[in-house]
Chemist: 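Below is a structure I'd like to ask you about.
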Amino acid sequence: MRNGDIVVADEEGVVVIGKDVAEQVFKKTQQKCFKEKHQSLEQWQAEHYKKISAALSKLGSTDLL
């Protein structure tokens, strides 16, 4: 961690965003928030399920919690 880095924390974890990429991260976050704001819950759940399934598959597991 360096001076000027941004630290974000919540009940799920902590992330440190480097000062040099903060603007890029902010723009991507805005885009994601806009997209999710205009999705139905069913659309969001379907995309989330795909991401979790893909991550588990990479780890060699097919069981969803």
Side-chain angles (χ1 to χ4, degrees):
M1 211 163 76
R2 290 175 274 157
N3 191 25
D5 289 350
I6 300 168
V7 178
V8 181
D10 66 11
E11 64 276 353
E12 294 183 11
V14 179
V15 66
V16 178
I17 303 166
K19 181 181 177 180
D20 55 331
V21 296
E23 189 172 333
Q24 178 184 2
V25 170
F26 178 70
K27 287 179 182 178
K28 285 185 176 186
T29 302
Q30 280 184 310
Q31 292 169 349
K32 183 176 180 179
C33 286
F34 180 83
K35 177 185 172 188
E36 289 182 356
K37 180 180 178 179
H38 293 90
Q39 282 182 318
S40 69
L41 177 58
E42 291 79 16
Q43 290 169 321
W44 182 88
Q45 286 175 323
E47 284 192 23
H48 188 70
Y49 183 87
K50 283 184 206 175
K51 290 176 191 175
I52 298 299
S53 295
L56 289 173
S57 180
K58 284 182 181 180
L59 295 172
S61 176
T62 57
D63 296 328
L64 289 176
L65 303 174

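Counting begins at 1 with the first residue of the sequence.
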Chemist: Does Ser57 use its side chain to pair, donor to acceptor, with the backbone of Ser53 at less than 3.5 Å?
Modeler: no

Chemist: I would like to know whether Gln30 and Phe26 meet side-chain contact (heavy atoms from CB on, under 4.5 Å); could you show each step before the answer?
Modeler: CA-CA 6 Å; Gln30 280 184 310; Phe26 178 70; 3.5 Å; yes

Chemist: Taking all atoms of both residues into account, what is the closest heavy-atom pair of Arg2 and Asp20, and its distance?
Modeler: NH2-OD1, 4.4 Å

Chemist: Can Met1 be reached from Ile6 by stepping across I, L, V, M, F, W or Y side chains whose heavy atoms are under 4.5 Å apart?
Modeler: no

Chemist: So, for Val14 and Ala9, which heavy atoms are closest and what is the spacing to 0.1 Å?
Modeler: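 That would be CG2-CB, 3.8 Å.
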
Chemist: Kindly compute the distance separating CD (Gln39) from NE2 (His48), expressed to the nearest 0.5 Å.
Modeler: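 Reported to 0.5 Å precision, the distance equals 12.0 Å.
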
Chemist: Let me confirm one number: the CD-CD distance from Gln45 to Glu47, rounded to the nearest 0.5 Å.
Modeler: 11.5 Å

Chemist: Does atom NE2 of His38 have more than 12 heavy-atom neighbours, drawn from other residues, nucleotides or ligands, at distances under 6.0 Å?
Modeler: yes

Chemist: Give a yes or no on whether Val21 and Val16 share a hydrophobic cluster (residues Ile, Leu, Val, Met, Phe, Trp, Tyr; joining criterion: side-chain heavy atoms under 4.5 Å apart).
Modeler: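 The answer is no; the residues belong to distinct hydrophobic clusters.
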
